[in-house]
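Okay, structure first, notes after.
Every value quoted in this text rests on a predicted model; they were computed, and no experiment measured them. Every chain is numbered from 1, with letters handed out A, B, ... down the list of sequences.
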2 protein chains.
Amino acid sequence: MSVTIKDVARMANVSVASVSRALNGHGGVTAETQKRIREVATRLRYVPHNAARSLITRRTQTIGALLPDLHGAFFSELIRGIDLAARARGLYLLVSSSHGDATEAAIALRAMQGRVDGLLVMSPHADRVFLDESLPIVLPTVLINSHVRSERHAAIDVDDYGGARAMVEHLVAQGRRRIVFIAGPEVNHDVQERARGYREGMAEAGLGEYITVLQGDFSEESGYLAGKRALEGAMRPDAIFAANDMMAIGCLSALANAGVRVPDEIAVAGFDDIPMARYVSPPLTTVRVRIAELGEAALERLVRMIDAGDDTPPEPRVVVGTELVVRASTGGHDTSTRKG
Amino acid sequence: MSVTIKDVARMANVSVASVSRALNGHGGVTAETQKRIREVATRLRYVPHNAARSLITRRTQTIGALLPDLHGAFFSELIRGIDLAARARGLYLLVSSSHGDATEAAIALRAMQGRVDGLLVMSPHADRVFLDESLPIVLPTVLINSHVRSERHAAIDVDDYGGARAMVEHLVAQGRRRIVFIAGPEVNHDVQERARGYREGMAEAGLGEYITVLQGDFSEESGYLAGKRALEGAMRPDAIFAANDMMAIGCLSALANAGVRVPDEIAVAGFDDIPMARYVSPPLTTVRVRIAELGEAALERLVRMIDAGDDTPPEPRVVVGTELVVRASTGGHDTSTRKG
DNA sequence: ACTCTTCGTGAAAACGTTTACGTTGCGCCC
DNA sequence: GGGCGCAACGTAAACGTTTTCACGAAGAGT
């Protein structure tokens, strides 16, 4: 930490300017002196002081990620995708997660000001006013799975809508008609898109009359309760499509407790393809989201914005695709578990 | 980004020095002028330039986390714990994960030099020579779950040994005698400690003659194979203790395929308490590790080192406790799943 | 009344880089 | 042979803070 560019310059009998040029490959130095300087630098274990560098460069080589209260495989996958893509570009990753409320998130965001060259934001609190309040400065920003549509920020989403539609089509192809949907928290953008995919898929299949939405909150508990309610209704469904896997799993428990056979009597499907989905009984048909890919795509988009500078051409909204994973819970062949 | 301390000073009719003092609360400035300066600062949306500040302060307010290729709930929990504790202290978190090999990890580590005030290292590559090579500078460092014992770095571990012993004792209390252990990757420090706990627990129970270790690699696949092998052996076990939950789950599949009843004929236990453990059939007895707590403790330890400066008193090695979670797979009462 | 602290404040140095701008020295062409 | 251009290199300014030091005023002690 205490060996500076001056030390290198002195040892190599050159000026600090030449050291800087040699080490950054900016040219203007002989190949010979460059080699000498490089040798001295490695010999002294010189590592440039980042603060000093970014003070004058106005670049931090760091991107910030503002994430919601994270747990589960989803976020580790997301971070993994972002981190991998960042490192490939020599960028560092500053994470800030688990904000209880909007003000806390705002503080975190504010403090990232000047620490990062760009921002990846995925937060339930990140609505339009929040962003306008907390991001007065033009800092390149990519919104992940946000419902905010703004030309000031780029955005990248999961194709929840398409995934949900594909699931409905699958269920219909299996001969199901009375398909019930278990929704998640209303504020959630994903769940709105999934619900939309369900509704439109049903409508398009001519099953508009069967559209039924039960409320849930993404927890297994709420799925269990919704499953019970579905059985008590006047019209017993022949399929239940939950907005996420945890609720689908809770639903499976409810059906098992009630002695309902899955998928013979009622098919069950989820969304996310969490690792557990393969192991419940019966294995759960679901929609897989390539989460790491989502993070990677978001970072790449951000890097493009940073490199482009202020004259960013407004790229179209990017969407990361989903993939239907058919397992036994909807009566399809179980194609994904080793033990058949 | 363009409003500096000078702008604030000019608008408040004071010198930059006073602005600095007022904003940092260093005293030496009237309450009245402090208030005035504060008002001007917020009005101008002034946010201090971090690079400039840490250039002179030699503090980055950032701690780095060097983590292995992360996936699964384990790492999201770990990051969560670290992040929460860091934010509580106004620190930022620079993460770098997924290093394929040691040199890649070394590069990541080297480049963190000067970007962070301290380092949290949890990496399979982080052996002693690696650390000595890549961390020539005295940077406060806490090793998480590392086998390296060095007075140069602090360390914090999970009590794998104690957890494994507790599991053996539980199995013995259930009347099991021929307890087989499925090990994990040999290089892994955790698995070594778990194996040690198994061996010593067995020996202490007078079951030394029954000690049997099958090789696995933490994957479900390897657990499946190990389970099959266990059945083929001359002496059929009455309990299988896997070094992690995924292998235990694979093992469950193998036993189910072979028509072996669990826990009646053979009890099965795992380690980690991944979310899935509750949902397999039968629900898996396992050892829970409070991972978020591990991250939190590591960060707190690191902060203490940073604050103490060079004259760090060598604190003892910290250990984070574990917790036995008894479910149906070992014949105990299932105390943890709602649906009994 | 005079000195001695104490307190609020300002001027300026320092942190370690990058880079715009000079200053050489050299070869080239006229 | 003298000016001219160009390449290599050095000098110094600049980035935005914090902090040391000095300075003046005001109050306390003798």
Contacts of type salt bridge (Lys or Arg N to Asp or Glu O under 4.0 Å), residue B/Lys35, not counting sequence neighbours:
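Per chain and number, B/Lys35 pairs via salt bridge (Lys or Arg N to Asp or Glu O under 4.0 Å) with B/Glu39.
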Sequence neighbours excluded, which residues qualify as salt bridge (Lys or Arg N to Asp or Glu O under 4.0 Å) partners of A/Arg89?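 So A/Arg89 forms a salt bridge (Lys or Arg N to Asp or Glu O under 4.0 Å) with A/Glu300.
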*Please check if the side chain of A/Arg87 supplies one atom and the backbone of B/Ser96 the other of a donor-acceptor pair under 3.5 Å.*
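Answer holds: no.
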Notebook entry, point to check: Going from OG1 on B/Thr30 to CZ on B/Arg36, what distance comes out if it is rounded to the nearest 0.5 angstrom?
Noted result: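 Atom-to-atom, B/Thr30:OG1 and B/Arg36:CZ are 8.5 Å apart.
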Open item on the list: For the CG atom of B/Asp160 and the CG atom of B/Asp190, what is their distance to the nearest 0.5 Å?
Closed with: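 Interatomic distance, B/Asp160 CG to B/Asp190 CG, rounded to 0.5 Å: 4.0 Å.
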Residue pair B/His189 / B/Ser146, side-chain heavy-atom distance below 4.5 Å |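 Heavy-atom side-chain distance check fails, nothing below 4.5 Å.
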Is there a side-chain contact between B/Arg21 and B/Gln34 in this structure, where contact means two heavy atoms from C-beta onward sitting under 4.5 Å apart?
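The answer is no, as the side chains (C-beta and beyond) never meet within the 4.5 Å cut-off.
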Looking at C/dG16, D/dG16, D/dT18, which one has an atom nearest to any side-chain atom of B/Thr57?
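Nearest listed nucleotide: D/dT18.
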Would you indicate, yes or no, if [N] has its OP1 or OP2 atom less than 4.0 angstrom from a side-chain nitrogen or oxygen of [X]?
{"X": "A/His26", "N": "C/dT19", "result": "yes"}
{"X": "B/His49", "N": "D/dC15", "result": "no"}
{"X": "B/Arg53", "N": "D/dT18", "result": "yes"}
{"X": "A/Arg58", "N": "C/dT18", "result": "no"}

What bend angle does the helix from C/dA1-D/dT30 to C/dC30-D/dG1 show across its length, from five-pair end axes and to the nearest 10 degrees?
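That helix has its two terminal axes inclined by roughly 60°.
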Holding to side-chain contact (heavy atoms from CB on, under 4.5 Å), I want the full list of residues that pass it with B/Val320, two or more places apart in sequence or in another chain.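 Partners of B/Val320 under the side-chain contact (heavy atoms from CB on, under 4.5 Å) test: B/Ile156, B/Glu293, B/Leu294, B/Ala297.
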Any residue meeting side-chain contact (heavy atoms from CB on, under 4.5 Å) with A/Val16, in chain and number order, not counting sequence neighbours |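 Once residues adjacent in sequence are excluded, the partners of A/Val16 under the side-chain contact (heavy atoms from CB on, under 4.5 Å) criterion are A/Ile5, A/Lys6, A/Ala9.
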Not counting sequence neighbours, which residues clear side chain to side chain donor-acceptor pair (under 3.5 Å) with [X]? List them please.
{"X": "B/Asp157", "result": "B/Arg317"}
{"X": "A/Arg10", "result": "A/Asp7"}
{"X": "A/Thr60", "result": "A/Asp117"}
{"X": "A/Thr33", "result": "none"}

Between atom [atom1] in [X] and atom [atom2] in [N], what is the gap in whole Å?
{"X": "A/Leu55", "N": "C/dA14", "atom1": "CG", "atom2": "C1'", "result": "12 Å"}
{"X": "A/Ile56", "N": "D/dA13", "atom1": "CD1", "atom2": "P", "result": "13 Å"}
{"X": "B/Arg59", "N": "D/dT19", "atom1": "CZ", "atom2": "C1'", "result": "16 Å"}
{"X": "A/Ile5", "N": "C/dA14", "atom1": "CD1", "atom2": "C1'", "result": "17 Å"}

A/Arg290 and A/Glu77: salt bridge (Lys or Arg N to Asp or Glu O under 4.0 Å), yes or no, with the steps? CA-CA 9 Å; A/Arg290 298 223 168 267; A/Glu77 273 302 296; over 6 Å; no
Pairs under 3.5 angstrom, nitrogen or oxygen only, protein versus nucleotides 4-7 of chain C, please.
none

Exercise. Which residues, if any, of residues 29-42 of chain B bring a heavy atom under 4.0 Å of DNA chain C?
Worked result: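 By residue number: B/Val29, B/Thr30, B/Thr33.
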Item checked: Of residues 6-25 of chain A, the positions that come close to DNA chain C - non-hydrogen atoms, cut-off under 4.0 Å ->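 Residues of residues 6-25 of chain A under 4.0 Å from DNA chain C: A/Ala17, A/Ser20, A/Arg21, A/Asn24.
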